Amino acid sequence: MKFSFRALLSGVAFLIMLQACKQNAGKKTELDGFMSGTAVFGADESFSPIIDEELYIFKAAFPDANPVLQYKAEADVVNDLMNDKYRVAILSRTLDTTELGILKRRSLTADTIRFAVDAIALIVNQASNDTLISVNEIKNMLNGRSKTDKNIVFDNPNSSLVRYLKTLSGNNGLKQKNIYALSSSKEVIRYVSTHPNSIGITGFSWLNDPDKDYADAVDKVKIVGVRNEDSKTAPNQYFKPSQETLVQHTYPLSRSLYIIDCTGRKGLGAGFASFLASERGQRIILKSGLLPDSIPPREINIIH
């Protein structure tokens with residue numbers, strides 16, 4: 001009886017294991033498709049307005065597609081990408097040699113598509129008389145060599161905007177007593193709208209068609225014209241950011257926007273990248289006031 005009881009237990013255990021194996025075999029890992037499924041993307045929060053517009057139209061056109069955007073500061077997005085928390089990132093720069101090497105060691109490559117050009121805008125309070133500035137004056141201001149007593153504010157220390165300003169000024173610290181990092185681009189605009197003695201630096205996309213929660217603040221600031229003394233074509237002229245000045249390269253402060261797909265397959269990352277680069281995706285950027293990577297052709301209907 002003792003032997004039979006053990007045999008019975010062994011048989012029951014075997015059947016349970018067999019059933020579990022069958023259930024696990026029936027479970028397949030669901031991968032996102034080119035225009036379907038769910039996938040997490042990391043994105044630089046400093047240009048979330050235009051990405052949100054693209055995402056809204058993309059989801060409406062492809063209801064089976066569900067890209068989930070995690071907006072963070074640029075440094076955090078890149079760090080998460082390197083640590084394999086997601087494999088698609090939207091940034092204002094391409095990956096450097098070290099970062100590409102990390103991907104290569106994981107047998108991954110980076111498919112990179114530029115889809116837009118954004119401008120870096122300087123804003124002041126509507127009550128301010130300062131409406132013009134030169135590139136050299138900006139550099140001096142960021143390096144503490146300017147006589148200005150204005151507070152200079154930008155989004156946060158880890159943002160792509162701060163990286164841009166450090167490169168522009170050659171100053172890796174930006175620790176002058178009148179330079180402050182806030183929490184977001186919205187906070188920069190709100191601060192300048194209530195502080196006449198301030199200069200804000202933000203992405204141009206935040207000033208076009210703002211959301212209701214900070215639209216009143218946008219109405220209380222104005223954009224400063226910028227002159228590039230080193231320009232070969234217009235060293236004495238001041239320009240404000242616009243599609244025209246971006247396409248003509250007369251506005252000196254600009255940055256490209258990229259989507260970087262490291263999945264190595266034609267999944268949702270490739271699908272969203274394809275949409276951004278498509279005529280429809282580029283028209284959304286054109287309508288937003290930014291410069292699309294490829295300007296869509298105008299359609300003219302001639303009625304006879």
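Keep in mind that the numbers below use all heavy atoms, side chains included, and drop hydrogens, waters and symmetry copies. Computed from a predicted structure; not experimentally measured.
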Donor-acceptor pair, distance only, cut-off 3.5 Å: does the side chain of [X] make one with the backbone of [Y]?
{"X": "Q70", "Y": "G42", "value": "no"}
{"X": "E99", "Y": "V78", "value": "no"}
{"X": "R87", "Y": "G264", "value": "no"}
{"X": "N143", "Y": "S169", "value": "yes"}
{"X": "T194", "Y": "R190", "value": "yes"}
{"X": "Y164", "Y": "S254", "value": "yes"}
{"X": "D261", "Y": "A270", "value": "yes"}
{"X": "N79", "Y": "A75", "value": "no"}
{"X": "N178", "Y": "K150", "value": "yes"}
{"X": "N140", "Y": "R145", "value": "no"}

Note, [X] side chain near [Y] side chain (heavy atom, < 4.5 Å):
{"X": "I260", "Y": "D111", "value": "no"}
{"X": "Y86", "Y": "F41", "value": "no"}
{"X": "F34", "Y": "L268", "value": "no"}
{"X": "D293", "Y": "Q282", "value": "yes"}
{"X": "E187", "Y": "Y214", "value": "no"}
{"X": "P196", "Y": "Q126", "value": "no"}
{"X": "I123", "Y": "I189", "value": "yes"}
{"X": "V124", "Y": "S198", "value": "no"}

Which heavy atom of [X] sits nearest to which heavy atom of [Y], and what is that distance?
{"X": "L122", "Y": "I199", "answer": "CD2-CG2, 4.3 Å"}
{"X": "S193", "Y": "N125", "answer": "O-ND2, 3.0 Å"}
{"X": "N208", "Y": "S288", "answer": "CB-O, 3.3 Å"}
{"X": "L168", "Y": "K139", "answer": "O-CE, 3.4 Å"}
{"X": "A273", "Y": "I259", "answer": "CB-CG2, 3.7 Å"}

ask   = Does atom NZ of K85 have more than 12 heavy-atom neighbours from other groups under 6.0 Å away?
value =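 Open: at most 12 neighbouring heavy atoms sit under 6.0 Å from NZ of K85.
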May I ask you to check whether over 12 heavy atoms, not counting those of E229, lie within 6.0 Å of atom CD?
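Yes - once you tally the heavy atoms of other residues, nucleotides and ligands closer than 6.0 Å, there are more than 12.
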Exercise for review: Among I90, I51, D44, find the residue that satisfies the side-chain contact (heavy atoms from CB on, under 4.5 Å) test when tested with Y71.
Suggested key: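 Exactly one candidate clears the test, I51.
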Reported [atom1]-to-[atom2] distance for the pair [X] and [Y], which is rounded to 0.5 angstrom:
{"X": "K240", "Y": "K222", "atom1": "NZ", "atom2": "NZ", "answer": "8.0 Å"}
{"X": "I120", "Y": "L165", "atom1": "CD1", "atom2": "CG", "answer": "7.0 Å"}
{"X": "I285", "Y": "I50", "atom1": "CD1", "atom2": "CD1", "answer": "5.5 Å"}
{"X": "I57", "Y": "R283", "atom1": "CD1", "atom2": "CZ", "answer": "13.5 Å"}
{"X": "S205", "Y": "L207", "atom1": "OG", "atom2": "CG", "answer": "8.0 Å"}
{"X": "R93", "Y": "L257", "atom1": "CZ", "atom2": "CG", "answer": "13.5 Å"}

What about [X] and [Y], same hydrophobic cluster or not, with Ile/Leu/Val/Met/Phe/Trp/Tyr joined at side-chain heavy-atom distances under 4.5 Å?
{"X": "V117", "Y": "L286", "result": "no"}
{"X": "I138", "Y": "V162", "result": "yes"}
{"X": "V135", "Y": "L161", "result": "yes"}
{"X": "L290", "Y": "V218", "result": "yes"}
{"X": "F239", "Y": "F204", "result": "no"}

What do the steps show when you test K72 against D80 for salt bridge (Lys or Arg N to Asp or Glu O under 4.0 Å), and what is the final call?
CA-CA 10 Å; K72 298 182 179 182; D80 286 350; 2.4 Å; yes
[X] and [Y] ion-paired at < 4.0 Å:
{"X": "R265", "Y": "D32", "value": "yes"}
{"X": "D209", "Y": "K287", "value": "no"}
{"X": "R163", "Y": "E74", "value": "yes"}

**Item:** Pair S160-S46, side chain to side chain donor-acceptor pair (under 3.5 Å): steps then yes or no
**Value:** CA-CA 7 Å; S160 58; S46 68; 3.2 Å; yes
- Message: Between Y238 and R227, is the side chain to side chain donor-acceptor pair (under 3.5 Å) condition met? List the steps.
- Response: CA-CA 4 Å; Y238 293 86; R227 174 171 68 93; 3.3 Å; yes
Original post:
Can R255 and F47 be said to form a side-chain contact (heavy atoms from CB on, under 4.5 Å), step by step?
Top reply: CA-CA 11 Å; R255 56 181 178 175; F47 43 84; 4.3 Å; yes
If you apply the rule side chain to side chain donor-acceptor pair (under 3.5 Å), what do you find for N228 with Y251, and how did you get there? CA-CA 8 Å; N228 182 11; Y251 185 75; over 6 Å; no
- prompt: Of D155, D216, D213, which is the lone residue that meets salt bridge (charged side-chain N to carboxylate O under 4.0 Å, His left out) with K186?
  reply: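 Of all the options given, the one that passes is D213.
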Q: Quick one: sort the F62 and F58 rings into parallel, tilted or perpendicular, breaks at 30° and 60°.
A: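 The rings of F62 and F58 sit tilted, inter-plane angle from 30° to 60°.
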Give a yes-or-no answer on whether the side chains of S256 and R114 include a donor-acceptor pair shorter than 3.5 Å.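 Yes, side-chain donor-acceptor contact under 3.5 Å.
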